Amino acid sequence: VEKDPKLAIPVLEALFTFWPRTHSPKEVLFLNEIEEILEMIQQTEFEDVMTPLFQRVARCISCPHFQVAERALFLWNNEYICQLI
């Protein structure tokens with residue numbers, strides 16, 4: 001994604017498709033990867049993945065596992081992500 005930012009959309013869509021549903025540590029890892037990818041994309045690419053991204057983050061925030069919910073809420077501490085919104 002660093003070399004070709006246009007790959008951000010397919011990579012994020014793949015992450016959403018293969019999202020772990022029962023393994024909380026993997027969910028935390030996926031959230032970390034999402035944050036790293038979001039730090040590299042532009043506004044136009046962000047708008048393409050905004051709806052599924054916020055749906056996934058909302059599910060993570062309501063997750064009963066505290067680490068998943070905490071990591072999802074931690075996305076709001078990233079200034080670049082907040083600027084994209």
Side-chain angles (χ1 to χ4, degrees):
V1 176
E2 288 179 31
K3 293 183 180 180
D4 189 6
K6 294 194 186 281
L7 290 175
I9 295 171
V11 170
L12 285 171
E13 289 173 348
L15 284 173
F16 297 145
T17 302
F18 298 109
W19 196 270
R21 288 175 175 38
T22 58
H23 198 249
S24 298
K26 279 188 183 178
E27 282 189 272
V28 173
L29 290 174
F30 272 55
L31 286 167
N32 290 335
E33 289 300 316
I34 285 176
E35 182 175 22
E36 288 183 26
I37 293 169
L38 289 177
E39 288 176 348
M40 291 183 259
I41 67 171
Q42 300 298 319
Q43 181 70 34
T44 55
E45 292 141 355
F46 178 74
E47 290 170 0
D48 293 339
V49 296
M50 192 167 42
T51 302
L53 170 69
F54 289 141
Q55 289 173 346
R56 179 59 60 188
V57 170
R59 285 187 205 130
C60 290
I61 290 172
S62 64
C63 177
H65 196 275
F66 80 95
Q67 286 179 330
V68 175
E70 181 181 48
R71 186 64 187 102
L73 288 170
F74 192 68
L75 288 173
W76 302 117
N77 286 342
N78 189 317
E79 283 191 33
Y80 184 72
I81 294 173
C82 288
Q83 288 176 351
L84 287 172
I85 299 168

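Keep in mind that the numbers below use all heavy atoms, side chains included, and drop hydrogens, waters and symmetry copies. Since this is a predicted model, take the numbers as computed values, not measurements.
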Minimum heavy-atom separation for [X] and [Y], please, with both atom names.
{"X": "Leu31", "Y": "Ala72", "result": "CD1-N, 3.8 Å"}
{"X": "Met40", "Y": "Glu36", "result": "CE-O, 3.2 Å"}
{"X": "Ala69", "Y": "Ile61", "result": "CB-O, 3.5 Å"}
{"X": "Val68", "Y": "Ser24", "result": "CG2-O, 3.6 Å"}

Item to complete: Kindly write out the residues that satisfy salt bridge (charged side-chain N to carboxylate O under 4.0 Å, His left out) with Glu45, not counting sequence neighbours, or none if the list is empty.
Response: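 Scan of Glu45 (salt bridge (charged side-chain N to carboxylate O under 4.0 Å, His left out), adjacent residues dropped) gives none.
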Item to complete: Measure the shortest side-chain to side-chain distance between Pro52 and Glu13 over non-hydrogen atoms and say whether it is less than 4.5 angstrom.
Response: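 No - every pair of side-chain heavy atoms lies 4.5 Å or more apart.
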Item to complete: Find out whether Asp48 and Leu12 are in side-chain contact, i.e. whether some heavy atom of one side chain is under 4.5 Å from a heavy atom of the other.
Response: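 They are not in side-chain contact.
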Separation between [atom1] of [X] and [atom2] of [Y], rounded to the nearest 0.5 Å:
{"X": "Gln67", "Y": "Phe74", "atom1": "CD", "atom2": "CZ", "result": "13.5 Å"}
{"X": "Ile9", "Y": "Ile37", "atom1": "CD1", "atom2": "CD1", "result": "11.5 Å"}
{"X": "Glu39", "Y": "Leu84", "atom1": "CD", "atom2": "CG", "result": "10.0 Å"}
{"X": "Gln42", "Y": "Glu47", "atom1": "CD", "atom2": "CD", "result": "11.5 Å"}
{"X": "Leu75", "Y": "Ile85", "atom1": "CG", "atom2": "CD1", "result": "9.0 Å"}
{"X": "Arg56", "Y": "Glu27", "atom1": "CZ", "atom2": "CD", "result": "7.5 Å"}

Worksheet item: Do you reckon Val57 sits in the same ILVMFWY cluster as Tyr80, going by side-chain contacts under 4.5 Å, direct or chained?
Response: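 Yes, because Val57 and Tyr80 connect within a single hydrophobic cluster, where side-chain heavy atoms sit under 4.5 Å apart.
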Item to complete: Evaluate the side-chain contact (heavy atoms from CB on, under 4.5 Å) criterion for residues Leu38 and Leu53: first the C-alpha distance (whole Å), next the side-chain angles of each, then the deciding distance (0.1 Å), finally the verdict.
Response: CA-CA 10 Å; Leu38 289 177; Leu53 170 69; 3.8 Å; yes
Item to complete: Apply side chain to side chain donor-acceptor pair (under 3.5 Å) to Asn32 and list each qualifying residue two or more places apart in sequence or on a separate chain.
Response: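 Per chain and number, Asn32 pairs via side chain to side chain donor-acceptor pair (under 3.5 Å) with Arg71.
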Item to complete: Give the ring-plane orientation class for Trp76 versus Phe54, where under 30° counts as parallel, over 60° as perpendicular and anything between as tilted.
Response: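 Ring orientation, 0 to 90° scale: parallel.
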Discussion item. Restricting to ring pair (Phe, Tyr, Trp, His ring centres under 6.0 Å), what partner residues turn up for Phe46, sequence neighbours left out?
Written reply: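 Residues passing ring pair (Phe, Tyr, Trp, His ring centres under 6.0 Å) with Phe46: none at all.
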Item to complete: Tell me, yes or no, whether the heavy-atom count around Gln43 atom CD, taken from other residues, nucleotides or ligands under 6.0 Å, exceeds 12.
Response: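 Correct, the count exceeds 12.
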